[in-house]
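Please see the structure below; I have some questions.
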Amino acid sequence: MGRHFGDLAKVRHVITYSLSPFEQKAFANYFSKGIPNVWRRFTASFFKVAPPMILTYLIYSWGNMTHEQGKKKNPADYANDE
């Protein structure tokens with residue numbers, strides 16, 4: 001019936017190793033190494049990413065506020081109209 005999916009091509013000089021899913025631990029070192037690693041990576045990148053985002057948000061909100069104020073009419077211009 002033809003070749004199986006894993007045997008479609010013969011690759012030379014490539015060695016592959018595999019480990020059975022039954023021989024692995026699904027959450028090995030999850031709490032002892034995983035969570036501290038996530039915290040370390042978060043704190044390392046937070047101070048690189050957050051300041052430009054905060055600055056962009058402040059400029060964007062300032063621009064929207066200025067635009068809304070520019071759309072309003074000045075009531076002093078119409079004080080003497082009857």
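These numbers were taken from a predicted model, which means no experiment stands behind them. Here, residue 1 is the first one in the sequence, and each next residue gets the next number.
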For Met53, is the CE atom crowded, meaning more than 12 foreign heavy atoms sit under 6.0 Å from it?
no
Contacts under 3.5 angstrom, residues 30-52 side chains, donor-acceptor by atom type, not counting sequence neighbours:
residue	atom	partner	partner atom	Å
Asn37	OD1	Arg40	NE	3.4
Asn37	OD1	Arg40	NH2	2.5
Thr43	OG1	Trp39	O	3.0
Thr43	OG1	Arg40	O	3.1
Ser45	OG	Arg41	O	3.1
Ser45	OG	Phe42	O	3.4

More than 12 heavy atoms from other groups under 6.0 Å of CG on Asp81:
yes
Any side-chain heavy atom of Ile54 within less than 4.5 Å of one from Tyr57?
no
With sequence neighbours left out, write down each residue that passes salt bridge (charged side-chain N to carboxylate O under 4.0 Å, His left out) with Lys71, or none if nothing qualifies.
Glu68
Where at least one partner belongs to residues 16-26, residue pairs that pass side chain to side chain donor-acceptor pair (under 3.5 Å), sequence neighbours excluded:
none
